[in-house]
Colleague: 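Sharing a structure, written as structure tokens. Questions coming.
Source: prediction; values computed, not measured.
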Amino acid sequence: MKQILWFRRDLRIQDNKILEKASNEVLPIFIFDKNILEKLDRDDKRVTFIYDAVLALKKSLQSLGLDLYIFFDTPKNVFMKLKKEGFDEVLCSSDFDSYAIKRDKEINEIIPLKRYLDSFLINPRKNLKRDGTPYKVFTPFYKSLSWLSSSDKIGEAQINQNQKLYKYENKTPTLEELGFKRADLPEFLKKTPQNRLNDFKEKVEEYEKNRDIFYKDGTSNLGVDLRFGTLSPRMIFNEIRKSNKKNSEIFIRQLFWREFYNYILFHFPKSENENWKNIEITWSEDEEDFQKWCEGKTGIPIIDAAMRHFNKTGMMHNRLRMIVSSFLCKNLLIDWKKGEQYFAKKLLDYDASSNIGSWQWAASTGADSVPYFRIFNPYLQSGKFDKEAIFIKSVIPELKDVDVKLIHVEGALKDKYISPIVQMRYSRDRAIRVFKEAKNAKV
Ligand SMILES: Cc1cc2nc3c(=O)[nH]c(=O)nc-3n(C[C@H](O)[C@H](O)[C@H](O)COP(=O)(O)OP(=O)(O)OC[C@H]3O[C@@H](n4cnc5c(N)ncnc54)[C@H](O)[C@@H]3O)c2cc1C
């Protein structure tokens, strides 16, 4: 029996099901997928992160007496070539987004695929309601999984020692050969995944208190590891649970939001491109407003600071994601899909299901989304979560010497900053009217 171990979004050797299930002559591979890479900017930060993670994985596999063969091609071409070497099956982790489902179907016809649940805690095919339909609301979904969320430990995969490397000739491409420039990554991503997890163990006690305060480093910063599988969700669950059982509840609940959005996108694949709720909203087509939002030039300090920081680093704190998405969909009345695509292009922890689910949440069009009349006021948000304007001033040099009180009051900055592109009261009333009309049209 000859097996290909296809690493995708599980770039680790710890708790990796394919390394547990493999027991024969194996060829571990990673494919830099031309179908995906050709759509990205040449200085995409994620490619630098993945490139380094893949090389680290190669080293770890070598320490087990194995190796990692790295290809730069389409998956179809790679497997057509490998089929000639007489492989019987491909072991890989399950990947549930629409491109992955299509890709896996195609590969399965070349060499049979065996998939294992490794990037998520639950298989979205399972865990249906009693009537056989999927959950649509987070709280009952989460409650139905209390057997898992309240457990002390979730079983992890162990490495099967009976594997033998199938020797293969191929050369690892450089980042430049893939067509990319090395991008500057935020400092925390220069650490090892395990060190990031260890750092968070020190902070978990304060997570609940600090997680909304975006100028503090109060969250786990593990989104990128979860996205690319440099840490498994089971390992994160287990280590956080073990380190601080009492204070881990809120954090674990967040991990299940990730499960929920994966589950929703799996059961409602159309929600990738359509409002999950069957409502039609007359969105604004104002391209200038959208560009100003993208560039962080709206004249509203918190929005501009969040977007400028995002453009530079590829990172945005959850509370800021909530504020800028609400502002785009409600105050500017711009279609959530445009914001979703902009995030998809730059977000280091971009994950289709969480991004689509969260954008639809903000736009009040999604599963268990915010009611349409609950619209964040960005000035109140910045006054509450960045009272001293520490974050805002760190990003917007023009505001460095401005009295903080003026920063959180609409209209107070006058000639000290760009004029706001929209008034809060007017845009709030407009959004409520448009959403009401959209809803009524369906009644
Ligand atoms: C408009 C918008 C877009 C978003 N896009 C993404 C995305 O593309 N990818 C992504 O992973 N998250 C996304 N989120 C959710 C959340 O903002 C990030 O998961 C979080 O900021 C990552 O930082 P952290 O790891 O420090 O989070 P922590 O607070 O430490 O949370 C730990 C983990 O739990 C999960 N999680 C936390 N909150 C959420 C949530 N609301 N929804 C889903 N999962 C959650 C993530 O995997 C996260 O890494 C989005 C939120 C909004 C409002």
Colleague: How are the rings of Phe200 and Tyr207 set to each other: parallel, tilted or perpendicular (split at 30° and 60°)?
Modeller: perpendicular

Colleague: Are Tyr263 and Phe120 close enough that their ring centres sit under 6.0 Å apart?
Modeller: no

Colleague: What salt bridge (charged side-chain N to carboxylate O under 4.0 Å, His left out) pairs are there with at least one residue in residues 229-241, not counting sequence neighbours?
Modeller: Asp15-Arg234, Asp118-Arg234, Lys201-Glu239, Arg241-Glu249

Colleague: Verify, without hydrogens or angle tests, whether Asp10 (side chain) and Arg8 (backbone) share a donor-acceptor contact under 3.5 angstrom.
Modeller: yes

Colleague: Can you tell me if Asp386 uses its side chain to pair, donor with acceptor, with the backbone of Ser382 under 3.5 Å?
Modeller: no

Colleague: Determine, for Arg182 against Asp52, whether the closest basic-nitrogen to carboxylate-oxygen distance falls under 4.0 angstrom.
Modeller: yes

Colleague: Donor-acceptor check, side chain of Asn355 to backbone of Glu340, threshold 3.5 angstrom: yes or no?
Modeller: yes

Colleague: May I ask you to decide if Lys191's main-chain N or O and Arg196's side chain share a donor-acceptor pair within less than 3.5 Å?
Modeller: yes

Colleague: Given Arg9 and Asp351, is the side chain to side chain contact (heavy atoms under 4.5 Å, CB included) satisfied, shown in steps?
Modeller: CA-CA 11 Å; Arg9 48 177 304 177; Asp351 205 337; 3.1 Å; yes

Colleague: Got a sec, which residues hit ring pair (Phe, Tyr, Trp, His ring centres under 6.0 Å) with Phe290, two or more places apart in sequence or on another chain?
Modeller: Trp293

Colleague: Are Asn35 and Tyr99 linked by a side-chain donor-acceptor pair shorter than 3.5 Å?
Modeller: yes

Colleague: Going by the angle between their ring planes, with limits at 30° and 60°, are Phe49 and Phe228 parallel, tilted or perpendicular?
Modeller: tilted

Colleague: Do we see a donor-acceptor contact under 3.5 Å between the side chains of Tyr342 and Asn311?
Modeller: yes

Colleague: Ser144 and Asn127: side-chain donor and acceptor closer than 3.5 Å?
Modeller: yes

Colleague: Should the pair Asp97-Lys102 be classified as a salt bridge under the 4.0 Å nitrogen-to-oxygen rule?
Modeller: no

Colleague: Can you list everything that forms a side-chain contact (heavy atoms from CB on, under 4.5 Å) with Lys345? Sequence neighbours excluded, please.
Modeller: Asp41

Colleague: Tell me which pairs pass salt bridge (charged side-chain N to carboxylate O under 4.0 Å, His left out) where either residue lies in residues 18-30, with sequence neighbours left out.
Modeller: none

Colleague: Heavy-atom count check: over 12 atoms from other residues, nucleotides or ligands less than 6.0 Å from Lys181 NZ?
Modeller: no

Colleague: What pairs with Trp6 under ring pair (Phe, Tyr, Trp, His ring centres under 6.0 Å), at least two apart in sequence or on another chain?
Modeller: Phe79

Colleague: Does Val370 offer a backbone N or O that forms a donor-acceptor pair with the side chain of Ser364 under 3.5 Å?
Modeller: yes

Colleague: Phe32 vs Phe30 aromatic rings, parallel, tilted or perpendicular, using cut-offs 30° and 60°?
Modeller: perpendicular

Colleague: Can you tell me if Glu89 uses its side chain to pair, donor with acceptor, with the backbone of Lys114 under 3.5 Å?
Modeller: no

Colleague: Using the test side-chain contact (heavy atoms from CB on, under 4.5 Å), find all partners of Asp44 that sit at least two apart in sequence or belong to another chain.
Modeller: Leu40, Arg46, Val47, Phe180

Colleague: With sequence neighbours excluded, tell me which residues meet ring pair (Phe, Tyr, Trp, His ring centres under 6.0 Å) with Trp276.
Modeller: Phe268

Colleague: Just to verify, what does Glu106 make a salt bridge (charged side-chain N to carboxylate O under 4.0 Å, His left out) with, not counting sequence neighbours?
Modeller: none

Colleague: Check the angle between the aromatic planes of Phe376 and Trp361 and answer parallel, tilted or perpendicular using the 30° and 60° thresholds.
Modeller: tilted

Colleague: Within the distance-only criterion (no hydrogens, no angle test), does the side chain of Asn275 pair as donor or acceptor with the backbone N or O of Lys277 below 3.5 angstrom?
Modeller: no

Colleague: Closer than 4.0 angstrom, basic N to acidic O: yes or no for Asp429 and Arg425?
Modeller: yes

Colleague: Would Thr298 and Asn331 count as a side chain to side chain contact (heavy atoms under 4.5 Å, CB included) if you check the C-alpha gap in whole Å, the side-chain angles of each, and the deciding distance to 0.1 Å?
Modeller: CA-CA 11 Å; Thr298 65; Asn331 300 95; over 6 Å; no

Colleague: According to salt bridge (charged side-chain N to carboxylate O under 4.0 Å, His left out), who are the partners of Lys393, at least two apart in sequence or on a separate chain?
Modeller: none

Colleague: Aromatic rings Phe391 and His309: how do their planes relate, parallel, tilted or perpendicular, breaks at 30° and 60°?
Modeller: perpendicular

Colleague: Quick check: are there more than 12 heavy atoms from other residues, nucleotides or ligands sitting under 6.0 Å from CZ of Arg42?
Modeller: yes

Colleague: Answer yes or no: does atom NZ of Lys384 have more than 12 heavy-atom neighbours from other residues, nucleotides or ligands under 6.0 Å?
Modeller: no

Colleague: Any donor-acceptor pair under 3.5 Å linking the side chain of Gln3 with the backbone of Leu91?
Modeller: no

Colleague: How many angstroms lie between OG1 in Thr230 and CD in Gln194, if you round to the nearest 0.5 Å?
Modeller: 11.0 Å

Colleague: Cation-pi check for Phe435 against Lys330: NZ or CZ below 6.0 Å from the six-membered ring centre and within 45 degrees of the axis, yes or no?
Modeller: yes

Colleague: My understanding is that only residues two or more places apart in sequence, or in another chain, count here; which of them pass salt bridge (charged side-chain N to carboxylate O under 4.0 Å, His left out) with Glu208?
Modeller: none

Colleague: With Lys136, which residues qualify under salt bridge (charged side-chain N to carboxylate O under 4.0 Å, His left out), at least two apart?
Modeller: none

Colleague: Taking atom types as modelled, find out whether Asn198 and Glu202 have a side-chain donor-acceptor pair closer than 3.5 angstrom.
Modeller: no

Colleague: Side chain to side chain contact (heavy atoms under 4.5 Å, CB included), that's the test. Do Asn318 and Thr219 meet it? Break it down for me.
Modeller: CA-CA 9 Å; Asn318 181 56; Thr219 63; 6.0 Å; no

Colleague: Any salt bridge (charged side-chain N to carboxylate O under 4.0 Å, His left out) pairs touching residues 318-329, not counting sequence neighbours?
Modeller: Asp212-Arg319, Arg321-Asp349

Colleague: Kindly determine whether Tyr69 and Phe71 satisfy ring pair (Phe, Tyr, Trp, His ring centres under 6.0 Å), including the steps that lead there.
Modeller: CA-CA 7 Å; Tyr69 297 98; Phe71 295 84; 7.6 Å; no

Colleague: Can a donor-acceptor pair be found, under 3.5 Å and without considering hydrogens, that links the side chain of His408 to the backbone of Glu388?
Modeller: no

Colleague: Do side-chain atoms of Asn160 reach the backbone of Ala22 as a donor and acceptor pair under 3.5 angstrom?
Modeller: yes

Colleague: Is atom NZ of Lys164 surrounded by more than 12 heavy atoms (other residues, nucleotides or ligands) closer than 6.0 Å?
Modeller: no

